[in-house]
Amino acid sequence: MISGLHIAAKDLREEMRTKQMLNSMIVFSLLVIVIFSIAFEDIISSSNMVSMIAPGALWITFIFAGSLGLSRSFAAELENGCLEGLKLCPVERSEIYIGKVIAGIVLMFFVELVTVPIFSVLFNYPIDGLFSLMVIIVLGTIGFVVVGTLLSALTVNTRTREVLLPVLLLPLVIPVIIPSVLATARVLTGGGIVDVLQEIRLLVVYDVVFFIVAYLVFEHILQD
Amino acid sequence: MSDGQRNTRILSIVTGVAMLVAMGMLFFYLPQMKGESGQLLDNSFNIFYFHLPIALVAYLAFTVVFLSSAQFLRSGEHRWDVLSASSAQIGVIFAFLVLITGSIWANATWGWYWIWEPRLTTSLALFLVYLAYLLMRQAVDEPEARARLSAVFGIVGFLSVPLSFLSIRLWRSAHPLMFGDATYGGAGGGLEGTSLQLTLVMNFIAFVLLYATLLMYRVHNEQIQEKINTKKRSME
Amino acid sequence: MDDIILASNVSRSFGNVQALKGLDLAVRRGEFLVILGPNGAGKTTLIKILSTLSRPSGGSVMIDGMDATTDAVQIRQMIGVLSHDSYLYNDLTAEENLRFFGKMYGLADDVLERRIDELLEKVELFHRAGDRVGTLSRGMKQRLSIARALIHNPSILLLDEPYTGLDQHAAQTFEKVLLELDPSKTTRVMISHNIERSLRSCDRVVIMVRGKVVYDSPRSDIGSVEELKETYIALVDGERDA
Ligand SMILES: Nc1ncnc2c1ncn2[C@@H]1O[C@H](COP(=O)(O)OP(=O)(O)OP(=O)(O)O)[C@@H](O)[C@H]1O
Ligand SMILES: [Mg+2]
């Protein structure tokens with residue numbers, strides 16, 4: 001666990017120095033939001049329709065931007081053979097996984113922190129129930145990153161990794177996207193945390209199950 | 001002719017016979033379907049006798065992928081990888097047929113080719129997961145790495161399926177069907193009839209046999225490929 | 001039981017290529033072994049297996065009495081590797097790189113800080129400690145990665161062509177660092193293509209050809225550089241004809 005934290009700290013320190021990934025992710029997600037708000041301009045102006053597409057638009061944005069970040073999560077370690085250097089460290093392989101998951105989650109939180117207010121402005125959408133929304137975003141993001149990080153490692157040595165990662169990832173995160181969108185919709189239309197308990201339960205189950213499984217199988221991915 | 005080949009041949013003959021019997025029952029043994037009010041239903045319901053067994057066989061195929069993937073990670077034995085790959089290929093075809101038969105039936109029953117019904121939608125998710133599995137196998141050249149990585153995906157992918165089902169069901173309940181209570185799968189209240197049950201069971205047996213035959217052929221194919229590769233290696 | 005490295009009948013294949021074919025090698029504690037061999041002989045593959053990065057397809061590897069496949073984590077703690085790649089993060093400074101790896105090897109903070117200063121001094125990079133690795137020259141990176149490999153005082157040092165990219169002065173610095181290591185604490189295994197330089201420092205020479213050890217001799221039994229060169233050429237050519 002401690003080594004995992006060191007790895008996450010290292011990743012974030014690198015990222016904060018250049019902000020390459022973070023900037024691309026933020027700009028990208030803003031672009032997606034803007035394009036959505038242009039494409040659905042008519043709908044957005046009618047206030048009762050907006051709640052039908054806004055949650056989906058928000059999560060599509062997160063997922064796209066997140067896929068960008070995840071694709072670099074392990075690919076960045078290929079420079080100078082760093083992944084090998086990491087594998088030479090006297091820690092279990094699963095520590096590497098934990099480190100990458102933590103860094104990935106933090107990175108996505110940053111992006112979401114910037115995206116949500118802008119989303120609220122462009123979609124003419126007052127954000128009520130901020131706490132419930134936060135809970136949902138946190139749980140959804142964890143599930144997405146937990147699986148995405150595993151697949152990022154899985155695809156890192158393939159020729160077509162940039163394309164392959166989303167292709168593998170999207171079918172597996174259907175159970176994250178659906179409850180997240182549902183719960184977001186309900187919260188944005190004035191629902192409280194008690195109204196989305198079912199969705200939250202499903203997200204928690206997903207997060208826990210996939211974290212445990214990924215943790216257990218991860219060592220097989222980094223073998224040579 | 002080796003034992004394996006003879007077994008394969010016998011199995012394929014048995015499968016052929018079972019398929020014929022199942023078809024025959026469908027066309028000649030089944031009574032005409034009557035609706036609850038006594039009106040004659042058209043034969044579109046008959047596709048259900050394919051649809052359900054095919055769906056079950058698809059699930060069976062993917063369960064085999066899951067189990068043999070786990071076995072591969074445990075033992076590292078090559079044959080488990082061959083089994084996973086073969087079963088996944090067949091499973092994807094079956095999953096595709098599930099979608100086809102499901103939408104034919106949906107069209108006949110409700111006039112839409114696609115309904116966002118939990119089981120049908122889960123089949124779609126299932127199909128996509130294993131399509132991704134096959135793509136993944138294609139993307140890795142080194143056989144040992146391919147076996148290892150696809151085994152991991154075979155396990156994770158399988159676990160996503162029940163969760164997909166749960167989430168899709170949740171989603172359906174948030175967007176209620178417009179078809180009233182006509183739930184698909186439990187339709188045609190006449191399933192209690194013995195002739196219907198027998199036909200269904202026979203179709204199920206036939207499709208499981210078909211799966212087994214295809215699986216044996218695929219595995220056999222892979223083994224021959226393997227032999228060719230070793231020959232090539234020794235000639236170098 | 002003073003063989004700190006014991007590889008028996010090790011084989012490794014990549015698809016159709018057999019990189020190692022039943023290789024046997026024992027290295028005594030404190031020895032400085034040099035491995036020579038033509039391109040593609042399997043030297044790098046051997047180092048990867050010894051460092052637990054790669055698993056043998058067959059045979060067994062024991063490091064200090066531990067099995068390389070089952071006790072990998074403990075083994076990694078005692079191994080330092082210098083490879084073709086620098087294993088350094090371009091966006092971190094020299095110092096931060098060493099600090100990260102030091103922490104990964106479980107060094108306590110105060111010990112680590114002293115160790116970092118000491119090593120940067122040794123590889124003559126103290127004045128560049130705060131610079132991003134991406135801005136260092138290739139030779140400087142190579143020197144820094146030597147420091148990285150030594151950060152945790154490994155008892156086995158595996159070196160894969162460490163002189164690549166070093167200028168005269170840096171090569172001398174590196175040779176000094178290497179020779180200053182206490183043989184009672186550090187076993188050294190070095191792959192090299194430079195016969196003169198290898199002979200100057202090692203205790204024993206092994207020649208690998210096509211995944212096997214074809215020559216194995218203590219330094220004391222080897223006469224001059226020229227003799228070894230002749231032997232090398234004969235062995236490599238002989239195998240090539242076979
Ligand atoms: N990851 C790999 N995938 C496929 N083949 C590999 C891989 N690694 C090594 N090989 C093959 O194994 C053989 C031995 O390679 P290795 O890198 O061990 O040679 P080497 O002795 O280090 O050569 P050099 O002096 O050029 O560094 C070569 O034929 C090489 O092509
Ligand atoms: Mg090499």
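Keep in mind that this is a model prediction, so the values were computed, not measured. Here is the naming used below: chain letters follow the sequence lines, and residue numbers restart at 1 for every chain.
Contacts of Arg137(B) classified as salt bridge (charged side-chain N to carboxylate O under 4.0 Å, His left out), with partners at least two apart in sequence or in another chain: Asp81(B). A search for side-chain hydrogen bond (donor to acceptor under 3.5 Å, both in side chains) contacts involving Ser152(A) returns nothing, not counting sequence neighbours.
The environment of CZ in Phe28(A) is crowded: more than 12 heavy-atom neighbours from other residues, nucleotides or ligands sit within 6.0 Å. For Tyr217(B), the OH atom sits in a packed shell: over 12 heavy atoms of surrounding residues, nucleotides or ligands are nearer than 6.0 Å.
Residue with the most contacts toward chain A among Ile155(B), Leu128(B), Val152(B), Leu135(B): Val152(B) (heavy-atom pairs, distance under 4.5 Å). Of the listed residues Val140(B), Asp141(B), Ile168(B), the one with more heavy-atom pairs under 4.5 angstrom with chain A than any other is Asp141(B).
Looking at Phe210(A), only its side chain comes within 4.5 Å of chain B, counting heavy atoms on both sides. For a residue to count as touching a neighbouring chain, one of its non-hydrogen atoms must lie under 4.5 Å from one of that chain's; by this rule Leu203(A) does not touch chain B. Heavy atoms of Ala145(B) lying under 4.5 Å from chain A are absent altogether.
Across all non-hydrogen atoms, the minimal contact from His220(A) to Arg148(B) is O-NH1, 2.7 Å. Nearest heavy-atom pair across Gln138(B) and Arg159(A) is O-NH2, 4.3 Å. The two residues Trp171(B) and Leu182(A) have their closest heavy-atom pair at CA-CD1, 3.5 Å.
Residues of residues 78-104 of chain A lying within less than 4.5 angstrom of chain B, judged on heavy atoms, are absent. Among residues 161-181 of chain A, the residues having any heavy atom closer than 4.5 Å to a heavy atom of chain B are, in sequence order, Leu164(A), Val167(A), Leu168(A), Pro171(A), Leu172(A), Ile174(A), Pro175(A), Ile178(A), Pro179(A).
Atoms CG and OH, on Leu166(B) and Tyr206(A) in that order, are 13.0 Å from each other to the nearest 0.5 Å. Atoms OG1 and CZ, on Thr158(A) and Arg146(B) in that order, are 13.0 Å from each other to the nearest 0.5 Å.
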